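Predicted model only: the values in this text are computed from it and were never measured. In what follows, residues are counted from 1 in the order of the sequence shown.
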Amino acid sequence: MKEFNINGAVVQAYPLSAAQRLHNYTIKFAPHQVLNIGTGLYIQHDVDFGVLKKAIYMAYEHFESMRLRFIEDEDGQVYQYIIPNEEREIAFCDFSKWKEEDAHNEMIKWTKVPFKRYNSPLNSVVMIKLPNGYNGMYMKVDHMTMDSSSIIGFNRDILETYCALCYDTPMPKPMMSYIKQLEKDLAYEAGSPAKKRDEEFWEKEIERDEPMYTDFNGMGRLINQRRESGNPNQRSAVIVSKNTEAAISVYHLEKDPSDRLMKFCLDNNVPMASLLIMGLRTVLSKFNNDEKDVSIKNAIARRGTLLEKRSGGTRIHFFPLRTIIEPETTFIDAIHIIQTEQNKIFRHANQDSIELTMKRSKRWKLGPGASYESISLTYQPLTVQQDEFEIPDVKYKSMWYTNGVAAQPLYLTVMHRPEDNGLNFNFEYQKGAVTDYEMEYLYYYLCRILFRGIEDKNRTVGEILEMI
């Protein structure tokens, strides 16, 4: 902790957490990157914008991480502090006479504009009127202050507060202190026994035999790089694109098939995240000559405790999830293998992702930009619709807006639609690395594998690969 004098007031500032350092690292070494996350939440309802504004201000009070500021010291180290209250005006924008597509494109433009990084707000909220009677709000936040779990929680806090003010429903449950959780994270990093155990686990993982790169677009990339390096046994590949311009393709799985996936998970007591990973790693196997050794980059939310769940901020760490699955393994047994590997990672998920990446690169002598994972995945269970505090018989729309730049070639986020609980598959991708056609092709095979598997959980992986 360090004291700073800001406009005549002495404030206590804290170092960045490991999750924040990951984003700060991105900004430092790729200054063209934009860390903004843009979202929209709209309901087909005659919203009282005066009450909505009050609910937004109250949510700012509840979420310390929405009042975060960054400051840089004389040595270039970045620190963070909380301001006591947020008094900025909440803007209002009327798009009701626009074409809806044009309104969303305008908000994409907003999302591409970066925030001033130091001693300045790192989010903005705008109340919105859309065509066809939809009203609500647009929000842009800096990823170093909030992740998708926090954003969903903030939106829900606003909705619950609005309903409480308008319809006398219960107020949202109290949030917990971001600073208290940050102090716990920093204590972990300061040479704690838990950190030492995590480092020992990951060192053993790194020392295993070398993983195999599997590309979302087939074996061409690895074959070409093997030819260029003169090493026919090369197992890693450089996937960094010089063109980091990004787009988002969203595929909407209908309610009925989404419900079938959820039912399979409930009936077999397996997490939806494990089912999705099973589908995705089998796609990569299919595209890479039925390769058995497949790795993806798994996003871990790290929100297991009540304090972690309700303290906001950004907590996502990325870890390689490697599975070696034989073709005679049944679909359900393969999911259990994945679940076992996930549980190992969950127990050691506080490890600094940057440190892990650097250690692995050193162990296997990887060049800049080389990796074994071509795609990242996260599943957002927090978006599952709940009955409490919902305005009855009201249609919802939720949007995630691209900021125009992506640090990773391909990042899949699977979320539930608030209006019907169906699944949305959000592919954020670098235009220089992936095409729209490749996205559609990947999604098509992902769905084929998932539904071939859940219709007969005792089918083997080899049988499913042959069927598709």
Side-chain angles (χ1 to χ4, degrees), residues 1-2 4 12-37 64-66 68-82 114-120 122-123 141-151 178-192 194-196 198-199 201-203 206 240 244 297-303 308 311-320 345 348-362 366 368-369 371 373 376 378 403 405-408 411:
M1 194 161 58
K2 189 172 183 177
F4 289 86
Q12 302 291 328
Y14 294 80
L16 300 181
S17 68
Q20 290 173 314
R21 291 197 299 272
L22 175 62
H23 298 302
N24 197 54
Y25 181 90
T26 302
I27 287 291
K28 184 177 180 180
F29 292 99
H32 55 279
Q33 288 293 332
V34 178
L35 291 181
N36 298 342
I37 304 174
E64 287 182 348
S65 58
M66 286 292 284
L68 264 182
R69 302 287 190 270
F70 294 131
I71 188 169
E72 191 174 35
D73 70 6
E74 60 277 3
D75 298 320
Q77 295 298 311
V78 181
Y79 289 79
Q80 58 189 312
Y81 62 96
I82 304 286
F115 291 103
K116 181 182 176 183
R117 296 223 60 77
Y118 301 116
N119 298 314
S120 183
L122 292 156
N123 58 68
V141 300
D142 188 289
H143 208 346
M144 279 179 66
T145 66
M146 298 279 277
D147 58 23
S148 51
S149 297
S150 300
I151 292 168
Y178 169 79
I179 292 298
K180 184 176 180 180
Q181 180 58 56
L182 176 63
E183 289 174 340
K184 291 190 69 172
D185 291 335
L186 295 175
Y188 162 87
E189 293 182 26
S192 67
K195 181 181 179 182
K196 291 177 182 177
D198 294 342
E199 288 175 338
F201 168 81
W202 284 110
E203 284 172 5
I206 292 171
V240 176
T244 58
K297 193 176 291 184
N298 197 194
I300 308 296
R302 298 192 309 128
R303 295 196 182 269
E308 290 170 346
S311 56
T314 186
R315 299 195 55 75
I316 293 177
H317 283 184
F318 289 91
F319 295 103
I345 293 174
H348 301 282
N350 287 326
Q351 167 72 39
D352 186 322
S353 298
I354 298 176
E355 286 184 8
L356 175 62
T357 300
M358 293 175 67
K359 286 180 179 178
R360 189 175 68 162
S361 295
K362 183 178 180 181
L366 303 184
S371 180
E373 299 85 35
S376 299
T378 186
N403 62 26
V405 180
Q408 304 178 62
Y411 189 175

Interatomic distance, [X] atom [atom1] to [Y] atom [atom2] [nearest 0.5 angstrom]:
{"X": "T145", "Y": "H23", "atom1": "OG1", "atom2": "NE2", "value": "9.5 Å"}
{"X": "R117", "Y": "I27", "atom1": "CZ", "atom2": "CD1", "value": "5.0 Å"}
{"X": "F201", "Y": "I206", "atom1": "CZ", "atom2": "CD1", "value": "10.5 Å"}
{"X": "I37", "Y": "D142", "atom1": "CD1", "atom2": "CG", "value": "8.5 Å"}
{"X": "L182", "Y": "Q80", "atom1": "CG", "atom2": "CD", "value": "5.0 Å"}
{"X": "D352", "Y": "E189", "atom1": "CG", "atom2": "CD", "value": "6.5 Å"}

Measure across [X] and [Y] and return the closest heavy-atom pair with its distance rounded to 0.1 Å.
{"X": "Q20", "Y": "M144", "answer": "NE2-O, 3.0 Å"}
{"X": "S65", "Y": "Y178", "answer": "CB-CD1, 3.9 Å"}
{"X": "L122", "Y": "R69", "answer": "CD1-CA, 4.3 Å"}
{"X": "Q351", "Y": "Y188", "answer": "N-OH, 3.5 Å"}
{"X": "P15", "Y": "Y79", "answer": "N-CD2, 3.7 Å"}
{"X": "N403", "Y": "N36", "answer": "ND2-O, 2.8 Å"}

Side-chain touch [X]/[Y], heavy atoms, less than 4.5 angstrom:
{"X": "I82", "Y": "L68", "value": "yes"}
{"X": "S17", "Y": "K184", "value": "no"}
{"X": "T378", "Y": "Y411", "value": "yes"}

Exercise. Is K195 atom NZ crowded by more than 12 heavy atoms from other residues, nucleotides or ligands, each under 6.0 Å away?
Worked result: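 Correct, the count exceeds 12.
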
For this session: Decide if atom NZ of K180 counts as having more than 12 heavy atoms of other residues, nucleotides or ligands within a radius under 6.0 Å.
Result: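 Open: at most 12 neighbouring heavy atoms sit under 6.0 Å from NZ of K180.
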
For this session: Go through F318 and Q408 one step at a time and tell me if the side-chain contact (heavy atoms from CB on, under 4.5 Å) criterion holds.
Result: CA-CA 12 Å; F318 289 91; Q408 304 178 62; 3.9 Å; yes

Exercise. Checking side-chain contact (heavy atoms from CB on, under 4.5 Å) for the pair Q77/L16: CA distance, chi angles, key distance, verdict?
Worked result: CA-CA 9 Å; Q77 295 298 311; L16 300 181; over 6 Å; no

Problem set entry | Donor-acceptor contact present, side-chain E373 to main-chain P320, <3.5 Å |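 Side chain of E373 to backbone of P320: no pair is present.
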
For this session: Mark yes or no for whether T314, through its side chain, and H143, through its backbone, hold a donor-acceptor pair below 3.5 Å.
Result: yes

For this session: Taking the six-membered ring for Trp and the full ring for Phe, Tyr or His, determine whether the centres of F115 and F70 are under 6.0 Å apart.
Result: no

For this session: Would you please indicate if the ring centroids of Y81 and F4 are separated by under 6.0 Å?
Result: no

For this session: Considering only NZ, NE, NH1 and NH2 on the basic side and carboxylate oxygens on the acidic side, decide whether R303 and D147 come within less than 4.0 Å.
Result: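 The answer is yes: the pair qualifies as a salt bridge.
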
Problem set entry | Full working for side-chain contact (heavy atoms from CB on, under 4.5 Å) between E183 and Y14 | CA-CA 8 Å; E183 289 174 340; Y14 294 80; 3.0 Å; yes

